[in-house]
Amino acid sequence: MTMSNSEWNLIGNYPIAEYRCGVRAGERVRLRQDIVIEDFAGRPTGLVFPAGEVWTVLSGSAEPPVDVWLRQANGDRHTWSDDSDFWKQFERISEHD
């Protein structure tokens with residue numbers, strides 16, 4: 001499969017500070033359960049993000065799809081759907097945790 005240049009959009013502006021699901025940029029969230037990473041065919045790659053890992057919510061892009069932007073402690077960035085399913089995978093933690 002090839003992609004044309006029109007399918008790519010460089011994003012340089014991240015104005016979303018509060019997401020529809022209620023989480024806000026700067027908050028920390030904890031994984032409720034392991035995330036098993038799969039390849040394009042749905043097979044586990046061997047990479048697992050363990051339950052209990054703490055991620056930081058980042059400001060997000062307004063470009064569709066609007067997803068929650070997150071950063072792991074190691075600096076890797078990820079996105080998650082900005083809907084009620086967010087709270088099935090993550091829980092908000094306090095500053096003191």
Side-chain angles (χ1 to χ4, degrees):
M1 181 172 127
T2 60
M3 299 184 109
S4 70
N5 288 340
S6 64
E7 293 181 46
W8 292 96
N9 188 12
L10 180 61
I11 299 172
N13 188 19
Y14 297 87
I16 306 292
E18 185 167 348
Y19 294 93
R20 289 180 305 166
C21 66
V23 72
R24 293 180 301 278
E27 288 187 303
R28 296 182 326 143
V29 293
R30 182 181 356 236
L31 293 175
R32 292 179 179 269
Q33 56 194 357
D34 291 351
I35 297 175
V36 177
I37 305 303
E38 299 176 343
D39 66 14
F40 66 93
R43 296 180 301 246
T45 64
L47 181 59
V48 176
F49 301 139
E53 195 172 73
V54 176
W55 293 13
T56 302
V57 179
L58 303 173
S59 296
S61 169
E63 295 294 323
V66 176
D67 290 329
V68 177
W69 287 69
L70 302 153
R71 183 180 61 233
Q72 285 180 273
N74 67 4
D76 288 350
R77 292 178 179 223
H78 305 280
T79 59
W80 202 268
S81 296
D82 184 11
D83 56 28
S84 61
D85 285 345
F86 180 84
W87 297 112
K88 292 178 184 175
Q89 184 61 53
F90 297 94
E91 65 182 341
R92 185 179 278 126
I93 59 174
S94 72
E95 291 181 25
H96 307 290
D97 285 343

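By convention here, the first residue in the shown sequence is residue 1. The structure presented is a predicted model; accordingly, all values stated were derived computationally and were not measured.
- By the criterion of side-chain heavy atoms lying less than 4.5 angstrom apart, applied directly or through intervening Ile, Leu, Val, Met, Phe, Trp or Tyr residues, L47 is not grouped with V36; the two fall into different hydrophobic clusters.
- We find the OG-CZ distance between S81 and F86 to be 10.5 Å, quoted to the nearest 0.5 Å.
- In this structure a side-chain-to-backbone donor-acceptor pair under 3.5 Å is missing from Y14 to L58.
- Here CG of D67 is found 4.5 Å from OG1 of T79. Values are rounded to the nearest 0.5 Å.
- One distance of note links CZ of F49 with CD1 of I37; it measures 4.0 Å at 0.5 Å rounding.
- Nearest heavy atom pair, residue D83 against residue C21, reads O-CB, 3.5 Å.
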Mind running side-chain contact (heavy atoms from CB on, under 4.5 Å) on L70 and W80 for me, showing each step along the way? CA-CA 8 Å; L70 302 153; W80 202 268; 4.0 Å; yes

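- Counting all heavy atoms, side chain and backbone alike, R92 lies closest to G22 at NH2-O, 3.0 Å.
- Interatomic distance, OG of S94 versus CD of E27, reported as 11.0 Å (0.5 Å rounding).
- For the atom pair CZ (F40) and OG1 (T45), the distance works out to 12.5 Å, reported to the nearest 0.5 Å.
- Side chain of D82 to backbone of Y19: no donor-acceptor contact under 3.5 angstrom is found.
- Contact annotation: the side chain of V29 never approaches that of V54 to less than 4.5 Å [non-hydrogen atoms, C-beta and beyond].
- Using a 4.5 Å heavy-atom cutoff, the side chains of V23 and F90 are not in contact.
- Considering all non-hydrogen atoms of both residues, W87 and R32 come closest at O-NE, 2.9 Å.
- E53 places no side-chain N or O within donor-acceptor distance of the main-chain N or O of P50, the cut-off being under 3.5 Å.
- Residue D34 holds its CG atom at 8.5 Å from CD of Q89, rounded to the nearest 0.5 Å.
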